[in-house]
Trainee: 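My questions will all concern the structure given below.
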Amino acid sequence: MIAYIVRRILHALPILIGVNLITFALFFVVNTPDDMARMQLGVKRVTPDAIAKWKADRGYDKPLLWNEQAQGSARLTDTIFFRKSVRLFVFDFGRADDGRDIAREITTRMGPSLAIALPTFLLGLYVTVSFALLLVLFRATYFDLWGVVLCVAMMSISSLFYIIGGQYLVSKVWNLVPISGYAEGPDALRFLILPVVISIVGGVGSSTRWYRTIFLEEIGKDYVRTARAKGLGETVVLFRHVLRNALIPILTGVVVVVPLLFMGSLITESFFGIPGLGSDTIDAINAQDFAVVRSMVFLGSVLYIVGLLLTDISYTLVDPRVRFE
Amino acid sequence: MRAHGRLLLIWLVTTLATACGQTWNDPYAAADSGANILYSAFTDRPKHLDPVQSYSEDEAGFNAQIYEPPLQYHYLKRPYTLVPLTAADVPKPVFTDAQGHPVAEDSPRLAFSVFQISIKPGIRYQPHPALAVDGAGKPVYPTLSPEALRGIHAMKDFRHTGTRELVADDYAYQIKRLAHPRLHSPIFGLMSEYIVGLRELAETLRAEDRRMTEQGRAGEWLDLAQYALDGVEVVDRYTYRLRVKGRYRQFPYWLAMSFFAPVPREVDRFHAQPGMAEKNLTLDWYPVGTGPYMLTENNPNSRMVLERNPNFRGETYPSEGQPEDRAGGLLADVGKPLPFIDKVVFTREKEGIPYWNKFQQGYYDASGIASDNFDQAVRISVEGDANVTPDMEKKGIRVETSVATATRYFAFNWLDPVVGGDSERARKLRQAVSVALDWEEFISIFANGRGIAAQGPVAPGIFGHREGREGINAQVYEWENGRPRRKPIAEARRLLAEAGYPGGRDAASGEPLVLYLDTTDRGPGDKSRLDWYRKQFSALGVQLEIRGTDYNRFQDKVRKGAAQMFVWGWNADYPDPENFLFLFQGSQSRARFQGENAANYSNPEFDRLFEQMKHMENGPQRQALIDRMVAILQHDAPWSFGYHPKDYSLRHEWTGNVKPNQMARNGVKYQKIDVDLRTRRRAEWNQPVLWPLAGLALLLVAAVWPLLRSWRRREAMTAT
């Protein structure tokens, strides 16, 4: 298993370099270092000297990918790409273009992101799997029919509608919880209830339909017929046998997103005033802060690779036939 | 299942316990209920709080409450008037020749203007660890080791704090910081043209910084007190002199900005210690001032908190104002010590909808008005007066309006071969477009009426702006029934024909005239605005091509003089006509000199008059000169003067002493809150409605019950 993990980590290195290169190319196709300097320095009374100084201070006065003026390996290393990328591989994120320490920012913001993403993920999984199992339990009944109709209707509605409608109804009309905001400690609960509920409700439609399909596929298999033949009740069949055997496709979609929970949610965090990593990424893109953008993309890639690795490991746990080969 | 139920119960109990004693949707801590706190919001996180770097309006909302430059704007008086803040008086310049001998203002030997500033004694800084000293008077935190910094993550984690008196040296130190090689002061370029020796100091400091880097001491503290700045002389403990090249009548306005606020040398040294920047323990993150408030919580992702500075000296509420201020209750607190409010909580609201809803619930004391909410909040009467809607009125919400000291304009690039230049053909074309662009309609459609069509560049409320008949742009307007009326489109067509484009076609070639508007408006929401521009040009028979581009490319084109026409704006730095008219100065050309003249307008006569006007005192002579300059601009039409925006803000009835001030950003200290009234109103407006919860529970039971019965029946069938 360790050899497998090491091999996967080694495979990840070129992927991360590739992701970095693509992020770099996309960012600098749209923005130039001069644009970044102007964005940071403002639009009033910005002199060419000030722009040159800003770029020099932050290392954006170098060529992007290839330094013709340099000699030997410095042609590659004395460039913006190399200088801004290489330290990421030891998780040294450096400073944002406005001077903030990025590592500190990530550790500070990860908590609020997780506070909203983790309950949403766990409760959402619980609710959608349960609902899907219920639909399967009552398959080919009116409950199943209207349940699927409801799911299709729910997945057809934009998540923004759930957020704005939920805030209006629950917080503005019924005055039950704060519309937006965040607090540390137990007081955070008051702020998290609404976004968590809305995120779960917004995701119920598509997830339930997906899980229902998986369970329906399982329920037609021979082992289910055998279980029924030996006199097991439908509930036992579903919850003990079908659920366990359906875990592989469920895990494929679920475990991979677990590490990405740290990255937060872009829209939900913005609307609910949750100071997480998702809203920081949006801010960085708007502010053309390359240092933060590359750090967040890199971190997201690392976490995604970790998620894929965890998914593979989880297969071996739920299905003894799967081996690390 | 039992464990899950227990978790849910704990959740609910905790939530209800937390909410106990306050309205359920109250976003603030229960402990703050009933406290004398002003609640406000901010959208964009401040980039800089270091007074030498900070230049944006958002940042000024924080810094102006903390830092105290020598001067400030009178809160109530109009036109905007400079008054002392920490200074004893508003300094008057003394003019000298190159040798330092006094000369008359109009002397050809005049070389320098000297401003002597005396600060009031007894002003003290907020408590701060950089100012903490031990029994022997030595700093408590002179050299912090990595171990000492280990448990410190914010300024409040330092056990010891101290204070000291504000002295003239602190102002001198800050002025030197404008030239600091590791800081980026946006006004360094401008100030280095005026403050004697600032440019030379910057070069010296840059060389020293390079030397330190070469010696492996990069990032070490650069003690500015060791370097002389010729233009700044500390006369005694409370007095300093600023020597400025030539005459610069507008210089005192800069002394009301945080660029010229004091920074103690100890604070600079404290923050330069190794390991501080990695923890964001910088002056850019934790401002240190003598003002009425101090920043006690800086979490720009979520909220920022200002609390009363316990060492604030006790400035009092102004005793003078405008005649209407007494009737408006703005002079009821004359002579009372400031500030009235103990704490200001700024919460970050990135989206407009939650902000607006929370204001309506009473959780923000004031709010701006987004276009989407305008009709819900404000009604404009036939006379043009703004009033709140009956719903808002019922809640006691008031609307305050003020014309911004700003202008939005449609620029013609003077370097463009078609619309630019001094030829009669191009001038008539610009004049025709100026007549055709119906800014009154634009303001009505796209700004909810929040603006005044501009007759010239100088905004209302600034000396030089003319109201009434004598102020109209005669090229574009006629005076009719006591108000300006835009000339008919026929007049625009006539001008276009005279320009050589009858019916929108080039008379010589017969080719249709195609003009190009560069804009960053590209989204679906911008379509109506772009269609409006097309419609205005098509009324002349001219085709308008919209060149939508991202902001970076747009700026780049303007900078290179490659954009033919574009829409731009300017917010005044200070209330002087010079700050508007310099936007047309030839030496400020954006394409040629990277200045602020984005249209690249060039007119030697205008430049000559500008140099005269710039140095004059406000008075009839200066007004006459401004009139001539504005007439030149109206004739040459390098801009189609767009409009001066009108700011609308809503306030709850429990706020007091609020008067919009476009120049002063330090107004929080004058404001007050009726906390009891706010608490009552919030309780009234935010009673929780519980029936939906009961309804939801019933619905669940109604849905689950038949399922349960059906399941039991099926289970029983299986068993048989």
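Keep in mind it's a predicted model, so treat the numbers as computed, not measured. First the proteins, then the strands, lettered A, B, ... as listed; each starts at 1.
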Trainee: Does any heavy atom of chain A fall under 4.5 Å from the side chain of B/His153, the backbone, both, or neither of them?
Mentor: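 B/His153 touches chain A through backbone and side-chain heavy atoms alike.
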Trainee: So which atom in A/Arg190 and which in B/Pro27 form the shortest heavy-atom distance, rounded to 0.1 Å?
Mentor: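 Of all heavy-atom pairs spanning A/Arg190 and B/Pro27, the closest is NH2-C, 4.1 Å.
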Trainee: Taking every non-hydrogen pair under 4.5 Å, which of A/Gln167, A/Gln288, A/Arg95 racks up the most with chain B?
Mentor: A/Arg95
Trainee: How close do B/Gln360 and A/Lys172 get, heavy atom to heavy atom, and via which atoms?
Mentor: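 What the structure gives for the nearest pair is OE1-NZ, 3.4 Å.
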Trainee: Side chains of A/Glu234 and B/Trp711: closer than 4.5 Å at any heavy-atom pair?
Mentor: no
Trainee: Looking only at side chains, do A/Asp101 and B/Asn280 share a donor and an acceptor under 3.5 Å apart?
Mentor: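 No, because no side-chain N or O of A/Asp101 sits under 3.5 Å from a partner of the opposite role on B/Asn280.
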Trainee: Do the non-hydrogen side-chain atoms of B/Leu693 and A/Leu176 ever get within less than 4.5 Å of each other?
Mentor: yes
Trainee: So do the side chains of B/Arg553 and A/Thr32 get within less than 4.5 Å of each other, counting heavy atoms only?
Mentor: yes
Trainee: With a 4.5 Å heavy-atom cut-off, do A/Asp35 and B/Gln555 have their side chains touching?
Mentor: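 In short, these two side chains do not touch, never coming nearer than 4.5 Å.
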Trainee: Show the nearest heavy-atom pair for residues A/Arg104 and B/Lys279, with the distance to one decimal.
Mentor: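 Here A/Arg104 and B/Lys279 meet closest at NE-O, 3.6 Å.
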Trainee: Going by an N to O cut-off under 4.0 Å, is there a salt bridge joining B/Lys350 and A/Asp283?
Mentor: yes
Trainee: In terms of heavy-atom proximity below 4.5 Å to chain B, should A/Phe138 be classed as side chain, backbone, both, or neither?
Mentor: both
Trainee: For each of B/Leu690, B/Asn571, B/Ile187, B/Asp573, tally heavy-atom pairs with chain A at distances under 4.5 Å, and name the one with the top tally.
Mentor: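 Among B/Leu690, B/Asn571, B/Ile187, B/Asp573, the one with the most close pairs to chain A is B/Asp573.
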Trainee: Relative to chain A, which segment of B/Ala703 carries a heavy atom at a distance below 4.5 Å: side chain, backbone, both, or neither?
Mentor: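 When you check distances to chain A, no heavy atom of B/Ala703 falls under 4.5 Å.
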